[in-house]
2 protein chains.
Amino acid sequence: MVLLDAVGKRWTLRILWELRGEPLTFRALRAAADDVSPSVLNGRLSELRELGIVELGDDGYTMTEAGRELGDVLMALNGWADAHL
Amino acid sequence: MVLLDAVGKRWTLRILWELRGEPLTFRALRAAADDVSPSVLNGRLSELRELGIVELGDDGYTMTEAGRELGDVLMALNGWADAHL
DNA sequence: CACTTGCGCTACGTTATCCGTAGCGATAGC
DNA sequence: GCTATCGCTACGGATAACGTAGCGCAAGTG
C-alpha cells in the first residue's frame, strides 16, 4: 500500500516514465513532462529519492538499480495501455 | 501517456487494487480504500468505467476482462514494492 | 576580472482539486 | 409506512498543484 500511495500522486508516474531512458536534468525533465511546475517536480523528486527509486548524478536525474526494475513494470503498464486503450 | 495520466491520480491505483478480488459495492469500496470521499470515488470510478477497466454489475463494482489483466500488472507493481521498500 | 549560461531549487500568490459531511432518489424487505 | 442499503450528488472548507519569477552556484568566455 505504501508504494501505491507514493506513486498514486499526480505526475509521479509521468516523471518515472520520462526517466526510463537516459538521465535528464531537472529542466529537461520539466520540459519532457509537460512543463510541470518546478515546485511540484522538486517535491516528487524528493519523495522518489527518499524511496531510493531516483538519484541525482552528474548527468542529471537517473533511476537507481531498484528504480530501473520499477521501470520494467511501467513498461508492462504501458504495454497494457497500448493493447487496450 | 494516456493511461499514465489517468492512473496517475490520487486514489486511482488504490481503487484498482481493492477491486483485484471479488466485486465491491460503492460503499464497501469506500470503506476498503481508507474512506475516500464519495465525490472523489465516484469521479475515479467514472473515469475507469469510461476506459473500460471497471464496470458496475449486480454485485457491485468489478473489473472488466481488460481490467483484470491490468490487475496482474498491479500485482507486479506490488511485488516490486515488497522487494524494495 | 566582469559577463553569460545553465544548473538545481525556492518563494509566493492564484487556481484547481480533494476532502468531509450531509442527504437525495431508488429499491427491497418487513 | 418504516427501515435499510444501494449508487450517487451538493456544498463549503482545507489542501495540493499551478505559473511565474528569481535565487545561489558552478563552469565557460571575453
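First the proteins, then the strands, lettered A, B, ... as listed; each starts at 1.
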task = Determine, stepwise, if the pair B:Val36 / B:Leu29 fulfils side-chain contact (heavy atoms from CB on, under 4.5 Å).
result = CA-CA 9 Å; B:Val36 54; B:Leu29 184 53; over 6 Å; no
query = Checking side-chain contact (heavy atoms from CB on, under 4.5 Å) for the pair A:Leu16/A:Arg44: CA distance, chi angles, key distance, verdict?
reply = CA-CA 10 Å; A:Leu16 288 177; A:Arg44 293 295 182 274; over 6 Å; no
query = side-chain contact (heavy atoms from CB on, under 4.5 Å) between A:Ile53 and A:Glu47: does it pass, once the steps are laid out?
reply = CA-CA 9 Å; A:Ile53 298 174; A:Glu47 294 172 6; over 6 Å; no
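Identified under the salt bridge (Lys or Arg N to Asp or Glu O under 4.0 Å) test for residues 28-39 of chain B, with sequence neighbours left out: B:Arg14-B:Asp34. Applying the ring pair (Phe, Tyr, Trp, His ring centres under 6.0 Å) test to every pair with at least one member in residues 15-39 of chain A, sequence neighbours left out, gives no pairs at all.
If you measure from atom CG of A:Leu41 to atom P of C:dC7, you get 13 Å, rounded to the nearest angstrom. The separation between A:Asp58 atom CG and C:dG6 atom C1' is 15 Å, rounded to whole Å. Whole-Å rounding puts the A:Leu56 CG to C:dC7 P distance at 12 Å. Computed from coordinates, the A:Asn42 CG to D:dC23 P distance equals 18 Å when rounded to whole Å.
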task = List the protein contact pattern of nucleotides 14-21 of chain C with one symbol per nucleotide (5' to 3'): B for base contact, S for sugar-phosphate-only contact, - for none; contact means a heavy-atom distance under 4.0 Å.
result = ---SSBBB
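Taking both residues in full, the closest heavy atoms of A:Val7 and A:Thr12 are given as O-CB, 3.6 Å, listed atom of the first, atom of the second, then distance.
Annotation: proximity of residues 13-29 of chain A to DNA chain C (heavy atom, distance under 4.0 Å) is found for A:Thr25, A:Phe26, A:Arg27, numbered in ascending order.
Under the rule for a side chain to side chain contact (heavy atoms under 4.5 Å, CB included), the partners of B:Ser46 that lie at least two apart in sequence or sit in another chain are B:Asn42.
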Kindly list each side-chain donor-acceptor pair under 3.5 angstrom involving residues 72-84 of chain A, sequence neighbours excluded, with atom names and distances?
| residue | atom | partner | partner atom | Å |
| --- | --- | --- | --- | --- |
| A:Trp80 | NE1 | A:His84 | ND1 | 3.3 |
| A:Trp80 | NE1 | B:Ala66 | O | 2.9 |
| A:His84 | ND1 | A:Trp80 | O | 3.2 |
| A:His84 | NE2 | B:Glu69 | OE1 | 3.3 |

